[in-house]
Protein chains: 2
Amino acid sequence: MKHFITIKDIARELNISVSTVSRALRDTYDVNVETREKVLEMAAKLNYKPNFNATGLAKGSSHNIAVILPFITNYYFSTVITGIQEIAYQSGYTIVLYVTNDSPERELDIIKNLPITSLDGLLVSIASNSDASGHFEEVINNGIPVVFFDRVANHIETSKVMQDDYNGAFEGVEHLISNGYKKIAHIAGPASLTFTQNRLKGYQDALSKHNLPISEDWIIHSGFSQEDGKSDVEQLLKCKNRPDAIFAANDRKAIGAMLTLKSKGIKIGKEIGVLGFTNDPSSEIISPSLTTIAEPALEIGKKSCELLLKHISKKHFHPEEVIFPGKLIIRESTSKV
Amino acid sequence: MKHFITIKDIARELNISVSTVSRALRDTYDVNVETREKVLEMAAKLNYKPNFNATGLAKGSSHNIAVILPFITNYYFSTVITGIQEIAYQSGYTIVLYVTNDSPERELDIIKNLPITSLDGLLVSIASNSDASGHFEEVINNGIPVVFFDRVANHIETSKVMQDDYNGAFEGVEHLISNGYKKIAHIAGPASLTFTQNRLKGYQDALSKHNLPISEDWIIHSGFSQEDGKSDVEQLLKCKNRPDAIFAANDRKAIGAMLTLKSKGIKIGKEIGVLGFTNDPSSEIISPSLTTIAEPALEIGKKSCELLLKHISKKHFHPEEVIFPGKLIIRESTSKV
DNA sequence: GGTAATTTCGAGAACGTTTCCGCTATTTTA
DNA sequence: TAAAATAGCGGAAACGTTCTCGAAATTACC
């Protein structure tokens with residue numbers, strides 16, 4: 001029924017052996033140029049497509065890499081995947097996609113059932129409360145390289161690529177300060193993630209440097225959605241000592257915050273400054289436009305994939321940590337005038 | 001080196017044959033409950049993971065489906081993938097991702113080099129000027145089912161799922177008319193795509209129904225980006241007879257249009273009404289908020305995947321065309337007051 | 001208590017490829 | 001011109017499963 005042209009068909013047609021066909025199709029050594037050309041010709045004529053299950057079985061390596069991440073429905077992750085995909089495509093790798101919905105259980109289930117025998121490597125950004133680190137280590141011990149990006153598991157020794165969360169936050173908050181804001185709140189991401197810790201640290205250090213108060217009331221941890229931004233800001237507005245600026249862990253939250261501020265008639269910039277992180281396209285669309293720290297999502301995707309491919313090709317490639325600088329993009333939401 | 005636990009290891013450990021282990025691991029028939037339990041126990045103990053290359057080879061079916069689409073960095077497609085992924089995950093299928101960047105050449109290259117021998121089916125949304133339809137048919141003839149979504153290849157006989165582009169456009173334009181707009185322009189997508197034709201038809205028919213003029217000057221075909229929306233609107237504003245409303249093929253273009261209108265000091269709604277299509281989250285963020293026709297992206301993804309799975313399981317599943325209704329979401333951009 | 005039916009299992013081929021080994025011719029070397 | 005090297009190819013095992021067939025052991029039947 002579903003019969004595909006195989007190497008055997010070519011061999012039979014040409015009256016030569018399968019081993020010769022196999023060699024002709026890949027290597028250039030040990031096979032006469034003439035027979036080689038005849039094979040290629042016949043392969044084209046019969047429209048031969050290699051069976052990757054078979055090659056995978058025989059060679060012990062498919063050309064698949066898995067990408068595991070929390071979401072794809074946002075600017076950052078979809079752009080990272082685009083970068084990954086670009087490099088993978090160039091190098092003849094295909095990508096297998098797993099999305100965890102940011103659920104630790106789902107993540108665990110995925111990683112437990114991973115077809116590691118047909119995967120050459122993993123690219124992963126962990127879930128918010130991931131408890132799969134043991135399983136990732138197991139995968140690594142099985143000889144499958146893993147590269148983390150953005151949301152990294154920091155006690156696992158392997159390559160990681162991320163943006164400079166600390167300095168990005170630091171610069172951003174300094175920008176707020178230099179624009180005259182003094183009571184700066186931070187609506188942060190889940191405390192478990194390394195990068196929220198780094199952004200928080202950057203925020204705190206910037207405040208300290210300029211002798212501004214750090215208040216626990218002004219630091220709220222929650223999720224990354226627009227809704228989270230809204231509820232966080234509601235909470236902030238209830239503080240006896242109301243902040244005059246908000247640094248959000250990402251643009252989505254910042255936009256949520258702006259939307260409720262606007263709905264309450266609070267002037268963004270003038271009364272309360274807002275700073276985001278990511279440079280989501282929406283940050284330019286909203287009015288007033290949102291000042292933010294741009295993350296090089298595409299580069300992060302590309303670099304992650306490049307590193308993974310190095311791990312795959314070189315047996316003992318030394319793990320690298322790559323940190324891309326962010327870029328402060330100043331817009332209207334942090335201007336008092 | 002990279003040695004994985006196999007079925008043979010389990011067999012040797014338990015002093016039984018591989019065939020018994022194989023049966024025990026899958027079927028429930030033809031194997032004693034006790035031995036079955038022993039096998040499962042040992043498999044768990046040794047941390048056995050099935051080799052999908054081997055099963056794929058032996059059974060002639062991997063559990064992979066390919067998803068081929070133009071982009072993933074937008075709301076619509078990333079949401080569709082999320083829906084696909086949801087169903088695939090539930091059903092034990094994994095998804096292999098290919099993105100064409102909306103390039104016909106890239107698409108062709110991808111489809112030509114598809115590992116069809118390790119793919120159970122395809123989910124595809126074609127590139128703007130796709131010339132790969134012959135290759136898609138070839139894939140289908142090879143016994144690999146294909147389901148198209150959104151951007152369908154309409155002369156290929158297989159299942160398709162899309163939104164109701166015609167009626168969505170029709171309703172949307174009628175809404176504009178009922179709000180008092182009389183000179184309605186349409187900034188459309190690439191003419192080659194079926195759905196831009198349908199939206200265009202809906203637009204024209206709504207105008208005809210209400211005896212409003214249809215002017216070729218008011219219909220502009222270009223791409224789907226925000227930039228396209230901007231340049232389209234520049235062109236419209238140059239018309240001797242300036243339109244008083246713009247129906248954009250999607251929200252991105254609509255937002256591009258709004259941005260330039262705003263920059264020119266033209267009051268959106270009051271002077272020129274704007275209508276989008278998609279219900280991208282940005283449509284709610286922009287000010288004034290954008291009236292649009294919501295597409296059920298998640299449902300489209302789910303349904304596509306369900307249909308594909310039916311095609312895969314049932315030998316001769318009759319192709320279905322599923323059309324989801326859109327939903328007009330009325331916001332500020334189409335109000336004159 | 002003998003036959004028939006059923007349950008449980010093993011042997012071995014098959015899936016499509018790669019790769020090691022060895023066999024001929026042919027060419028090179030001394 | 002004989003010996004050695006090499007180029008080109010085929011045979012066959014191997015990768016990890018599934019699956020068909022049939023054998024052995026157990027149970028059911030009268």
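Computation of the quantities below employed the complete heavy-atom set of this structure, encompassing side-chain atoms and omitting hydrogens, waters and symmetry-equivalent molecules. To find a chain, count down the sequence lines: A is the first, B the second, and so on, and within it residues start at 1.
Nucleotide dA14(D) holds its P atom 20 Å from the CZ atom of Phe4(B), rounded to whole Å. Rounded to a whole Å, the CD1 atom of Ile16(A) is 11 Å from the C1' atom of dG8(D). As a whole-Å value, the separation of Asn51(B) CG from dA14(D) C1' is 13 Å. At whole-Å resolution of the value, NZ in Lys49(B) and P in dT17(D) are 13 Å apart. Put simply, OH on Tyr48(B) is 8 Å from C1' on dG16(D), counting in whole angstrom units. Atom-to-atom, CG of Asn32(B) to P of dA25(D) comes out at 15 Å; the value is rounded to the nearest Å. Distance Ile7(B) CD1 to dC15(D) P: 14 Å, rounded to the nearest Å. A straight line from CZ of Arg12(B) to C1' of dT17(D) spans 16 Å, rounded to a whole angstrom.
In this structure, the side chains of Ile300(B) and Ser304(B) come closer than 4.5 Å at one or more pairs of heavy atoms.
Residue contacts shown for Thr117(B) are absent, as no nucleic acid heavy atom lies under 4.0 Å away. Among the protein residues, Ser22(A) comes within range of the nucleic acid bases, having at least one heavy atom under 4.0 Å from a base atom. Within the 4.0 angstrom heavy-atom criterion, no nucleotide atom of any strand lies near Phe52(A).
Using a cutoff of 4.0 Å between basic side-chain nitrogens and carboxylate oxygens, Arg12(A) and Asp9(A) are scored as salt-bridged. Lys112(B) and Glu105(B) are not joined by a salt bridge, as no carboxylate oxygen comes within less than 4.0 angstrom of a charged side-chain nitrogen.
Each of Asp30(A) and Ser19(B) has a nearest nucleotide on DNA chain C; the 5'-most of these lies closest to Ser19(B). Heavy-atom nearest nucleotides on DNA chain C were determined for Lys59(B) and for Val33(B), and the one closer to the 5' end corresponds to Val33(B).
Of the candidates Phe195(B), Tyr76(B), Phe77(B), Tyr75(B), Phe195(B) is the only one forming a ring-ring contact (aromatic ring centres under 6.0 Å, His included) with Phe224(B).
Between dC9(D) and Arg23(A), no contact under 4.0 Å exists linking OP1 or OP2 to a side-chain N or O. The side chain of Thr20(A) contributes no N or O atom lying less than 4.0 Å from OP1 or OP2 of dC9(D).
Taking the six-membered ring for Trp and thresholds of 30 and 60 degrees, His63(B) and Tyr93(B) have nearly parallel ring planes, at less than 30 degrees apart.
Around the CD atom of Gln90(A), the shell of radius 6.0 Å holds more than 12 heavy atoms that belong to other residues, nucleotides or ligands. Enclosure of atom CD in Glu41(B) is not indicated, since only 12 or fewer non-hydrogen atoms of other residues, nucleotides or ligands lie within 6.0 angstrom.
Nucleotides of DNA chain C lying under 4.0 Å from heavy atoms of chain B occupy a range whose first and last members, 5' to 3', are dT8(C) to dG16(C).
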